[in-house]
Structures are given as structure tokens and as C-alpha cells.
Amino acid sequence: MARFWFGMGCLLVGLAVAAGAFGAHALKQRLTADLLAVFETGVRYQVIHGLGLVALALAMDRWGGAVFQWTGGLWLAGIVLFSGSLYALSLTGIRGLGAITPLGGLCFLVGWGLLVWEAWRKLA
């Protein structure tokens, strides 16, 4: 599974770079400053957690364990829910989509919490 998370992380970071370029060039003239900032926040969190998936894959190869699988799944869900809802909100202007965003943030936080717990458990 480490290969899956490594590949998924690379794919998601690559897509985030493309989304960032799209936002900087194509959307800059079409979105208000606050909606463009919302879009950029989605890109930023996608990059962070995509790189996190790459690091997770490397850690998984070294230490193994189901916690890494759970973390990867949570981060992937977080990217879809958090970044995806911010992309949709900024592109459609439908503010109600922002209600989904905290669920993605919660997925990110729980994933990081699991890693902290695993680090204390395995490395202590």
C-alpha cells in the first residue's frame, strides 16, 4: 500500500500545481479576491496533505502498521472534502458548500492525531 499512497500523493500534488496555475491565470480575472483566496486555500491544503501522503508512504515502508492506512484514507478524504468543497464554493459561489469544509478539516486533524499516537507508541 505504500506505493499507492506515494503515487496518490504525487498525483494530488501535481493536480494542485495545475489548480494553482489555473487559479493564478484563468480565475484571477473571473473571481472576486475573497473567492480567489478560498480557491488558493484549497490548493494549499491539497499540496500540504499530498506531500504528507508521500512522507506517509516512506514512513509506512519503514515502520508499517494499520495506522498509516487509516491516516492515508483520512487525508485523502480530507482533500476531497476540504479542498474539493473550497474549489466548488469558489467556482460556483454557493456558500452552503462551505458547510462541508470542516468535515475535511476534521479528517486532516484525526489523521495527524493518529500519526502522533503511532509515533509515541512505536518510537517511545
Check your understanding: Can a donor-acceptor pair be found between the side chains of W63 and E118 at a distance below 3.5 Å?
Key ->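 Absent: no donor and acceptor within the cut-off.
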Distance (rounded to the nearest 0.5 Å) between [X] [atom1] and [Y] [atom2]:
X: L31; Y: L91; atom1: CG; atom2: CG; value: 6.5 Å
X: E40; Y: L35; atom1: CD; atom2: CG; value: 11.0 Å
X: Q69; Y: M1; atom1: CD; atom2: CE; value: 4.5 Å
X: L81; Y: T101; atom1: CG; atom2: OG1; value: 9.0 Å
X: L56; Y: W70; atom1: CG; atom2: CH2; value: 14.0 Å
X: H49; Y: L12; atom1: NE2; atom2: CG; value: 11.5 Å

Check your understanding: What do the steps show when you test F68 against L115 for side-chain contact (heavy atoms from CB on, under 4.5 Å), and what is the final call?
Key -> CA-CA 7 Å; F68 293 104; L115 281 184; 3.8 Å; yes
Review point. Step by step, would you call W75 with W112 a ring pair (Phe, Tyr, Trp, His ring centres under 6.0 Å)?
Key: CA-CA 9 Å; W75 285 352; W112 284 109; 4.5 Å; yes
Check your understanding: Do you know which of L51, L15, V13, T41 makes side-chain contact (heavy atoms from CB on, under 4.5 Å) with Q46?
Key ->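 So the option named by the test is L15.
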Review point. Would you say the side-chain atoms of S83 pair up with the backbone N or O of V80, donor to acceptor, closer than 3.5 Å?
Key: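 Pair absent, no side-chain N/O of S83 close to backbone of V80.
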Check your understanding: Looking at side-chain heavy atoms only, is the closest gap between L114 and L74 below 4.5 Å?
Key ->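 Heavy-atom side-chain distance check passes, below 4.5 Å.
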Practice item. Compare all side-chain heavy atoms of L27 with those of F22 and state whether any distance is below 4.5 angstrom. Key: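 When only atoms from C-beta onward are counted, F22 and L27 do touch, with a gap below 4.5 Å.
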Work out which heavy atom in [X] is nearest to a heavy atom in [Y]; give both atom names and the distance.
X: G42; Y: L86; answer: N-CD1, 3.7 Å
X: S90; Y: V38; answer: CB-CG1, 4.2 Å
X: A2; Y: D61; answer: CB-OD1, 3.3 Å
X: L97; Y: S85; answer: O-CB, 3.6 Å
X: A19; Y: V43; answer: CB-CG2, 4.0 Å

Practice item. For the residue pair F39 and Y87, categorise the inter-ring angle as parallel (less than 30°), tilted (30 to 60°) or perpendicular (more than 60°). Key: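 The rings of F39 and Y87 sit tilted, inter-plane angle from 30° to 60°.
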Identify whether [X] and [Y] are in the same connected component of the hydrophobic contact network (ILVMFWY, side-chain heavy atoms under 4.5 Å).
X: F82; Y: L36; answer: yes
X: L58; Y: W5; answer: no
X: L53; Y: L11; answer: yes
X: V110; Y: V67; answer: yes
X: L76; Y: I100; answer: yes

Check your understanding: For W117, is the NZ or CZ atom of R121 found under 6.0 angstrom from the centre of its six-membered ring and inside 45 degrees of the ring axis?
Key ->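 Positive - R121 is close enough to the ring of W117 and near enough to its axis.
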